[in-house]
Amino acid sequence: VRLFGRAMGQKVHLCNQLKRILSKYPSDVSILKELIQNADDARATEIHFVLDKTMYGKDHLSMEGESWASLQERPALCVFNNRPFTESDIEGICRVGGGGKQDDSETIGRFGIGFNAVYHLTNCPFFVSRDLAGKA
């Protein structure tokens, strides 16, 4: 007897998933509202938006390689608040469309797609955070 079959497991193409999410999100001030909601969910008491129009040369970029360098040579919108990312926050951001706040009725962003709105602004979002002890 010979059995036919293959291992099962659903897969999602990242770019297609992001396109679906973005098609449901307006490309307007709502993006900034999402970032404010994320800060509120983190219990931040301050949030700052800084548009950095500085054009940095390649010797000042944080990532190596031509494909990343071209993305970092453009102006940047820097958004920061006074709360560090937790491990749970980072895991939620890494789960496109899944988030990490679904079980927390106290949070605004419990639907798991808010951060992805930044892809209306950039192909290369990144974040820097201090740990809970205040170390970078």
Side-chain angles (χ1 to χ4, degrees):
V1 174
R2 186 171 173 191
L3 299 176
F4 294 94
R6 69 170 94 169
M8 287 296 295
Q10 294 179 319
K11 296 179 183 175
V12 176
H13 188 268
L14 178 61
C15 290
N16 291 339
Q17 179 69 7
L18 288 172
K19 284 179 188 176
R20 278 192 290 278
I21 290 170
L22 292 178
S23 72
K24 297 175 185 175
Y25 257 88
S27 180
D28 59 15
V29 72
S30 299
I31 299 165
L32 302 179
K33 289 179 182 178
E34 286 294 341
L35 297 171
I36 292 169
Q37 289 173 350
N38 285 347
D40 185 65
D41 288 347
R43 313 260 188 285
T45 58
E46 299 176 15
I47 186 167
H48 303 270
F49 294 86
V50 177
L51 179 60
D52 182 359
K53 293 184 179 183
T54 307
M55 300 298 286
Y56 296 99
K58 291 184 181 184
D59 55 329
H60 295 287
L61 301 177
S62 64
M63 294 185 173
E64 295 180 18
E66 287 299 315
S67 61
W68 290 107
S70 65
L71 293 171
Q72 292 182 326
E73 288 182 302
R74 296 179 172 94
L77 175 64
C78 303
V79 181
F80 59 96
N81 64 55
N82 61 340
R83 294 290 300 171
F85 280 105
T86 64
E87 285 297 321
S88 177
D89 294 332
I90 295 168
E91 289 171 12
I93 289 170
C94 291
R95 284 193 303 270
V96 175
K101 304 176 194 174
Q102 295 93 332
D103 297 329
D104 188 348
S105 62
E106 298 292 314
T107 61
I108 298 168
R110 60 183 170 274
F111 305 106
I113 55 177
F115 175 80
N116 295 299
V118 301
Y119 286 103
H120 275 305
L121 304 175
T122 183
N123 292 330
C124 182
F126 69 95
F127 54 90
V128 177
S129 181
R130 295 188 176 277
D131 64 20
L132 295 176
K135 299 175 186 170

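- Nearest heavy atom pair, residue Ala44 against residue Arg83, reads CA-CG, 3.3 Å.
- When the side chains of ILVMFWY residues are joined at heavy-atom separations under 4.5 Å, either directly or via intervening members, Phe80 and Ile90 end up in two distinct hydrophobic clusters.
- Here the CG-OG distance, from Leu35 to Ser30, works out to 11.0 Å after rounding to the nearest 0.5 Å.
- Residues Val50 and Ile31 do not share a hydrophobic cluster, defined by chaining ILVMFWY side chains whose heavy atoms lie under 4.5 Å apart.
- Side-chain N or O atoms of Asp89 include one that pairs as donor or acceptor with a backbone N or O of Thr86 at under 3.5 Å.
- When hydrophobic clusters are built by joining Ile, Leu, Val, Met, Phe, Trp and Tyr residues whose side-chain heavy atoms come closer than 4.5 Å, directly or via intermediates, Val118 is grouped together with Val29.
- Cluster membership for Phe85 and Ile47, using ILVMFWY side-chain heavy atoms within less than 4.5 angstrom, is shared.
- Interatomic distance, Gln17 CD to Leu22 CG, rounded to the nearest 0.5 Å: 10.0 Å.
- Remark: side-chain polar atoms of Asn82 are paired, donor with acceptor, to backbone N or O of Thr45 under 3.5 angstrom.
- The hydrophobic clustering, which links ILVMFWY residues whose side-chain heavy atoms are closer than 4.5 Å, places Leu121 and Leu51 apart.
- Between Leu77 and Leu32, the closest side-chain pair of non-hydrogen atoms falls below 4.5 Å.
- Listed here is the closest heavy atom pair of His120 and Ser27: ND1-CB, 3.6 Å.
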